[in-house]
Amino acid sequence: MTNPLLQDWTTPFGLPPFDQIDDEDFAPALDVALARHMDEIHAIADSADAPTFANTIEALEGAGKELDKVLSPFFALAGADSTPRRRELQREFTPKLSAHSSAIYANRALFDRIRQLWNARETLSLSAEEARVLMLTHRGFVRAGAALEGDEADRMKAIKARLADLGTSFTQNLLADEAGWSMTLAEDDLEGLPVFVRATARAAGEEQGADGPVITLSRSLIVPFLQFSPRRELREKAWQAWVSRGANGGETDNREIAAEVLALREERAKLLGYDSFAAYKLETEMAGSPDRVHDLLMAVWEPARARAEADAQVLSDMMHADGTNGDLEPWDWRYYSEKRRRVEHDLDEAALKPYLQLDRMIEAAFDCANRLFGLEFRALEVPLYHPDCRAWDVTRNGKHMAVFIGDYFARASKRSGAWCSAMRMQAKRPETRSPIVINVCNFAKSDPALLSYDDARTLFHEFGHALHQILSDVEFGSVAGTSVARDFVELPSQLYEHWLEVPEVLERFATHVETGEPMPRDMLDKVLGAATYDMGFQTVEYVASAMVDLDFHAGSAPADPMQAQAETLERLGLPHAIAMRHATPHFAHVFAGDGYSSGYYSYMWSEVMDADAFAAFEEAGGAFDADTAQRLEKHILSAGGSAEAEDLYKAFRGRMPGVEALLKGRGLAA
Ligand SMILES: [Zn+2]
């Protein structure tokens, strides 16, 4: 019996042979691949030769080829075409993979070789990229605690384990609080609610066995309820329940968990030699330090708050005209804002949809990439993992660059959201590899497939990530494509969204599915105008959360996070009718795991850059300016993580990004 995952692949472009792989091949192949990788690691670590870049760092880069061949098709399937068996395999693989990586970081002999190279780095005559890969490898080991010994190493282990438990409890408490509350509505409480909200509320009621429609704390139900229900007392009741998640006292209260998490994170950072947890987290980011994040957030805060206060006055006047006296409250904002939106931007989604055909929008994304970077796309007939997947050979001047796979339609076996991943990363050393890149989306399947405007934006967004992989041109796979700082990785994707908004692109590709007519100009204007609506509110609720996250981690851990949160909001001067987007007891980005802790700012950091980067095209004369496109490819899209993000951006733009373009894009500029 031969396991296709462990053979040489003779498929076109070395694509995984999906038509030959059986689910039962994965587990045995993984065991073999893990063992071979570990043998390679030991051979590197225990070599009798003195460490060199080639026999240590480059050898590490080349190790684990079999592991990639098993895991890349497996994770593609686990995310986009899951089954009970694949979920079971995933549960089996997760602890194995985490034990495998812990064992590598704990390999003393290996770390000693890396450290010797690091200490001798000035004498090794390394290229810039080699020096960068050495630095990243060494830093990765140090940050994982490889340099700690004895009691300190034990304490680090205990802290990590406790943090993992606390993160799980935080999430479970939140789920319990969300599941534990609902509000049953009488028939006349449905007043003002659109059909889709009524249907969702009825379905929720049936699911719970309630005697009528119910409002739950699911974002997809409570937000539209707050937007559309004219019943102020019901809005207040629902809003209070929503913002109390995780802070209801008793067993599911998250406030003490938050305090313990913050204290442990500080201790962990100090064990590793950092002043604060934020200093530890931001070391690997483009922002680099808490001060720079603070400056960014404050530069956006004041204009956003001014806009929000002006909007609050308009909404408050609308409420008073409705016959409701007193202050505009947080449970009033969305309701009056929605009313105002309908007056000012009466964009009819149903009339828009026939202009946004999936195939035409794919063509539009490809056409922009052709005009900007000279890429050409030719459809391929190759076996993939699902009949809805499509593949293209991406070439430039006849030279193969990458394989691009699009898997666009929603189905029950696919997780929600949209993402881009590489089934193979570009590299030249120790072996040359061209990328295999996949975009996965969840668009409603119909024939012909039509998109909402948000869907079209998602398509461009994910294709921007794909370009970061397709155009990657570095030596080492570990710094290829999207292997960059978290606050830099959304630059290519968010930047690419701007080309969807270029009027000539929509005029050419947004054609009516039946008549073939281009989108009418006034519809185009409305689509583009709606993008900045209520940005004062959205920016304020976001920045308030980002600033609280930063303050929590930038100094000593607060004993009482709720008190610290209140002090930050007081200092900012949060408008009365706006709350934080996520308050501490339900701020899962920050407390359910490490992912976005002292990193919640990064959404805005990326947006500052994408707005500023697109302004470079506009300043140079247009969205398809050839010189600017060439600089974008040279310094950003082809460079991956081969240099510091800040240096790459400066090489492209000549300076660091300013917030002006973002403020203009959000409609917040004075
Ligand atoms: Zn993205």
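Atoms within a ligand are numbered from 1 in the order they appear, just like the ligands themselves.
- The minimum heavy-atom distance linking Ser472 with Gln426 is given by the pair OG-OE1, 2.8 Å.
- Distances from the Zn ion (ligand 1) to the N/O/S atoms of Glu490 are shortest for OE1.
- One finds the CD atom of Glu644 at 10.5 Å from the NZ atom of Lys650 (value rounded to the nearest 0.5 Å).
- Taking the Zn ion (ligand 1) as reference, His461 places its N/O/S atom NE2 nearest.
- Annotation: side chain of Phe476 is not in contact with side chain of Thr137 (no heavy-atom distance under 4.5 Å).
- In summary, His465 places an N/O/S atom under 2.8 Å from the Zn ion (ligand 1), meeting the contact criterion.
- Using cut-offs of 30° and 60° for the angle between ring planes, the Phe366 and Phe377 rings count as parallel.
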